[in-house]
**Student:** 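Take this structure first; my questions come after.
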Amino acid sequence: MNDKQHELDVRYMRMARIWAENSYCKRRQVGAIIVKDKMIISDGFNGTPSGFENICEDENGLTKPYVLHAEANAITKIARSGNNSDGATLYVTASPCIECAKLIIQAGIKRVVYAEHYHLTDGIDLLNRAGIETKYLEGE
């Protein structure tokens, strides 16, 4: 990979990290942006669905089952817009889970750059099986 692409990856990941700060989740804040043709076409962070209270954890500190992941929020935002994500790159602060990996595949995203390893690797494994390029930005 060329140096210019790496520099872009680092910059876009920095933006995804800043976007994660919008999350009301206490356990973990995750941000995502989708880039196509060097333009940000969507963004998302983990949180509750529109119209719900902005409380992600229950009284025991566990994430509520209806909390949306950052990737899902970014992808569904595209579905409501005039854009499409065919051939785009997704930047996300934590590696995708298997459910988000399925959405990424169906959305036509061709590259995923992530900054933290999720405790399960099945999402990344599925993306690789689908031929989607994955890149871990270690320590960036």
**Student:** What residue pairs, at least two apart or across chains, pass salt bridge (Lys or Arg N to Asp or Glu O under 4.0 Å) with a residue in residues 46-57?
**Tutor:**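 Non-adjacent pairs meeting salt bridge (Lys or Arg N to Asp or Glu O under 4.0 Å): Glu53-Lys64.
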**Student:** For atom CD of Gln106, decide whether the heavy atoms of other residues, nucleotides or ligands shown that lie under 6.0 angstrom number more than 12.
**Tutor:** no
**Student:** Please check: side-chain N/O of Asn46 versus main-chain N/O of Val67, any donor-acceptor pairing under 3.5 Å?
**Tutor:** no
**Student:** Once you round to the nearest 0.5 Å, how far does CD1 of Ile34 lie from OG of Ser85?
**Tutor:**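 OG of Ser85 is found 5.5 Å from CD1 of Ile34.
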**Student:** Does one hydrophobic cluster hold both Phe45 and Ile78, with members joined at side-chain heavy-atom distances below 4.5 Å?
**Tutor:** no
**Student:** Grab the two heavy atoms, one from Ile41 and one from Asn83, that are nearest each other, plus how far apart they are.
**Tutor:** O-ND2, 3.7 Å
**Student:** Hey, any chance Val92 and Leu68 share a hydrophobic cluster, counting ILVMFWY side chains that come within less than 4.5 Å of each other, even indirectly?
**Tutor:**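 Different clusters.
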**Student:** Begin with the C-alpha distance, continue with both residues' side-chain angles, and end with the deciding distance and a verdict on side-chain contact (heavy atoms from CB on, under 4.5 Å) for Leu120 and Ile98.
**Tutor:** CA-CA 9 Å; Leu120 301 173; Ile98 189 121; over 6 Å; no
**Student:** Determine whether a donor-acceptor pair (N or O, by modelled atom type, separation under 3.5 Å) exists between the side chain of Asn22 and the backbone of Trp19.
**Tutor:**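 Yes, the answer is positive, given that a donor and an acceptor are paired below the 3.5 Å cut-off.
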**Student:** Evaluate the side-chain proximity of Asn84 to Lys36: yes if any heavy-atom separation is below 4.5 Å, no if none is.
**Tutor:**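 Heavy-atom side-chain distance check passes, below 4.5 Å.
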**Student:** Do you know the tightest heavy-atom contact between Cys100 and Ala72?
**Tutor:**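 Scanning both residues completely, I find the closest heavy atoms to be SG-N, 4.2 Å.
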**Student:** Are the side chains of Lys135 and Thr89 in touch, meaning some heavy atoms are under 4.5 Å apart?
**Tutor:** no
**Student:** How far does CD1 of Ile75 sit from CD1 of Ile104, to the nearest 0.5 angstrom?
**Tutor:** 5.0 Å
**Student:** Indicate yes or no: at least one non-hydrogen side-chain atom of Leu127 is less than 4.5 angstrom from one of Ile105.
**Tutor:** yes
**Student:** Is there a donor-acceptor pair under 3.5 Å between the side chain of Asp58 and the backbone N or O of Asn60?
**Tutor:** yes
**Student:** By the salt bridge (Lys or Arg N to Asp or Glu O under 4.0 Å) test, which pairs, at least two apart or in different chains, include something from residues 81-109?
**Tutor:**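 Matches after skipping sequence neighbours: Glu99-Lys102.
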**Student:** Quick one: do Leu137 and Met15 end up in the same hydrophobic cluster if we chain Ile, Leu, Val, Met, Phe, Trp and Tyr together by side-chain heavy atoms under 4.5 Å apart?
**Tutor:**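 They do share one cluster, since a chain of ILVMFWY contacts under 4.5 Å joins Leu137 to Met15.
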**Student:** Do Asp9 and Met13 touch side chain to side chain, with heavy atoms closer than 4.5 Å?
**Tutor:** no
**Student:** Within this structure, what is the CG-OH distance for the pair Leu8 and Tyr91, rounded to the nearest 0.5 Å?
**Tutor:**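 Leu8 atom CG to Tyr91 atom OH measures 6.5 Å (nearest 0.5 Å).
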**Student:** Hey, what do you get for CZ (Arg11) to NE2 (His6), rounding to the nearest 0.5 Å?
**Tutor:** 10.5 Å
**Student:** Minimum heavy-atom separation for Asn73 and Gly44, please, with both atom names.
**Tutor:** CB-CA, 4.1 Å
**Student:** Establish whether Leu90 and Tyr114 are linked, either directly or via other cluster members, by ILVMFWY side-chain heavy-atom contacts under 4.5 Å.
**Tutor:** yes
**Student:** Would you sort out whether Tyr136 and Ile124 count as a side-chain contact (heavy atoms from CB on, under 4.5 Å), showing the intermediate values?
**Tutor:** CA-CA 10 Å; Tyr136 169 57; Ile124 292 294; over 6 Å; no
**Student:** Tyr66 and Pro49: which non-hydrogen atoms are nearest, and at how many Å?
**Tutor:**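 Tyr66 and Pro49 have their closest heavy atoms at O-CD, 3.5 Å.
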**Student:** For the residue pair Gly47 and Cys56, what are the closest heavy atoms and their distance?
**Tutor:** CA-SG, 4.0 Å
**Student:** Taking all atoms of both residues into account, what is the closest heavy-atom pair of Ser42 and Lys77, and its distance?
**Tutor:** OG-CB, 3.3 Å
**Student:** Rounded to the nearest 0.5 Å, what separation is found between the CZ atom of Arg28 and the OG1 atom of Thr93?
**Tutor:**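 The CZ atom of Arg28 sits 7.0 Å away from the OG1 atom of Thr93.
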